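Everything quoted here is computed from the prediction, not taken from an experiment.
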Amino acid sequence: MLSPEAPIAFLLDVWKEVGRHADLAPTLARLLPRLERELPVRAWIVRRIGLADGRIETAATALASGERAEAPRRDAAPQRSELAPPDLDRLRQWGRDGGAKAWKSHESDALRRTLEPTGRRTALIAAPLVHEGQLEGVVLLEGERDELVQAAAWIDALREPMSIALANDLRAHELARLREAAEADNRALLSRLQREDISESVVGASTGLREVMERVEQVARTDAPVLILGETGSGKEVVARNIHSRSRRAKGPFLRVNCGAIPPELVDSELFGHERGSFTGAVNTRRGWFERADGGTLFLDELGELPAAAQVRLLRVLQDGSFERVGGQEALHVDVRLVAATHRDMETLVADGSFRQDLWYRINVFPIRLPPLRERAADIPALAGHFASRAGLRLHGVALSPTPEDLRVLVEYEWPGNVRELASVIERAAILGDGRHLAVAAALGSLPRSTGAEAFAPPPPEPTEGAASDASLDAAMIRHIQGALEKTRGRIEGPYGAASLLGINPHTLRSRMRKLGIDWSKYRGAAS
């Protein structure tokens, strides 16, 4: 079948390619046509074996020329498999013994079932890849004809160059992961220096956010998906970063994607990447956010804005850790921890069909509700002090501090924009105070227009003829809200809440109830 000279010539080609490419995939792709001239192969596969974490996964696959004409074979790039203790023991022993193993199409045993990526009845040759005394992987040759097994002794010569190729591939991916982590850290640092809307530190961790941080501590050491629920500007990204920094992935990348800021037609490409030529404008292959976050955490902000098509692909990633680039046929595998956030009522989106129910169940494993700023007024002084010091140093070179009167004004305000709005108000106050003090009242628009707060004060209401007095108007509003609370049994949010019944925002309703002195809790359990 093979002449004695053939292996030597082929091995020279193998060594040349191993030295030319750091990635396995192009190495196998370039060598396969040469291998086909020597052996009746239909697939050349290299799998990575992780004895420490008990996994086996495909690192690269090359299909013979006849295979490429067929429909894409998903089984050519199988899902990552978990190895049971007996499988691990079997692989360790095989790695120590060395030597290739061969099976005809009708033959099978426990080792083959552990190594092979598919259950196809083909002839198969497997050779262990050992690097620096450690079993790192396996090279597999799959063929239609049983005569392939006659090449077992010859193919054993591939072990050394393929071991080097796998080690190079591992190093290349590790370097890419480290580079991605460094870039993510750099972006985070620049964000901290330039960010004006929200603090990266968790102010209030021992007060208003104590329960939140307790849940963060519970879930951070796991890999479970986390869903952060909270209003816009309440600090969801800060919590997500803390989950990442307290996890085993802290040295990996942390990447944030705003699902609502990506045009629907580009979401797939942004999240999962694309191959060159897959669509107009795709002049190069691009790695998506999932690939770039490999080994770290991907923060999907505004999850409720994700289009339906992207929801399907996201579900697959969560189920088995695999996906394909847009225009690609190879299944890629990533190890990414998902943290998502939204200000939307997800149960309502699921109910009306805007969000997949199965995906919701996958993501809503460990929800964390982030309270709005108005529900943790005790944190306002610390937050105001933090923002004032930062704004003063950045704008005027001198740290500023809010006065007791400033704090009184800030605590009494409702903060519909939450922490982000507070940061903006404090910076505005630092500008209006010319670096000498904080003009908080002016920044909130509560001073007369002669103070310079004209740009921020709301316009006065237009007078209307026959308007009721403030007292009678408040009384009518109280009766109206109380009636809604009775019908909804004290529930404010959601499709069956008082806010929906009244046709106003839940935050606006809570604000008006506080001003009018309405205690919603006494309506809990009331008959509808």
Distance from L88 atom CG to L83 atom CG, nearest 0.5 Å? 5.0 Å

Out of curiosity, I45 CD1 to L28 CG, how far, rounded to the nearest 0.5 Å? 9.5 Å

Rounded to the nearest 0.5 Å, the CD atom of E421 sits from the CZ atom of R428 at a distance of 7.5 Å

Identify, with sequence neighbours excluded, every residue that meets side-chain contact (heavy atoms from CB on, under 4.5 Å) alongside L393. S389, A399

Can you pull the salt bridge (charged side-chain N to carboxylate O under 4.0 Å, His left out) pairs that have at least one residue in residues 215-230, sequence neighbours excluded? E217-R246, D223-R248, D223-R249

With T232, which residues qualify under side-chain hydrogen bond (donor to acceptor under 3.5 Å, both in side chains), at least two apart? none

Between E107 and R112, is there a side-chain N and carboxylate O pair less than 4.0 Å apart? no

Taking side-chain hydrogen bond (donor to acceptor under 3.5 Å, both in side chains) as the cut-off, I'd like each qualifying pair that reaches into residues 362-371, sequence neighbours left out, listed once. R369-E375

S105: partners by side-chain hydrogen bond (donor to acceptor under 3.5 Å, both in side chains), with sequence neighbours left out: D146

Quick one: are T27 and N168 in side-chain contact, heavy atoms under 4.5 Å? no

Just wondering, do V334 and F323 contact through their side chains at under 4.5 Å, heavy atoms? yes

Partner set under side-chain contact (heavy atoms from CB on, under 4.5 Å) for V350, not counting sequence neighbours: F355, Q357, W360

If the condition is side-chain hydrogen bond (donor to acceptor under 3.5 Å, both in side chains), which residues does R325 pass it with, not counting sequence neighbours? E275, E291

Min side-chain heavy-atom separation W44-V139 under 4.5 Å: yes

Counting N and O atoms only, with roles assigned by atom type, does the side chain of R48 sit under 3.5 Å from a partner on the main chain of I56, one being a donor and the other an acceptor? no

Salt bridge (Lys or Arg N to Asp or Glu O under 4.0 Å) filter on E211, not counting sequence neighbours, yields none

For R47 and L115, indicate whether the former's side chain and the latter's backbone hold a donor-acceptor pair under 3.5 Å. yes

Check L303, D301, T342, V239 against I228 for a side-chain contact (heavy atoms from CB on, under 4.5 Å) and give me the one that passes. V239

Which atom of S322 lies closest to which atom of D320, heavy atoms considered: OG-OD1, 2.7 Å

Apply ring-ring contact (aromatic ring centres under 6.0 Å, His included) to W415 and list each qualifying residue two or more places apart in sequence or on a separate chain. Y413

Parallel under 30°, tilted from 30 to 60°, perpendicular over 60°: which one fits the rings of F290 and F272? parallel

Hits for salt bridge (Lys or Arg N to Asp or Glu O under 4.0 Å) against R96, two or more places apart or cross-chain, chain-then-number order -> none

Partners of S163 by side-chain hydrogen bond (donor to acceptor under 3.5 Å, both in side chains), sequence neighbours excluded? none

Apply side-chain contact (heavy atoms from CB on, under 4.5 Å) to P86 and list each qualifying residue two or more places apart in sequence or on a separate chain. A84, R90

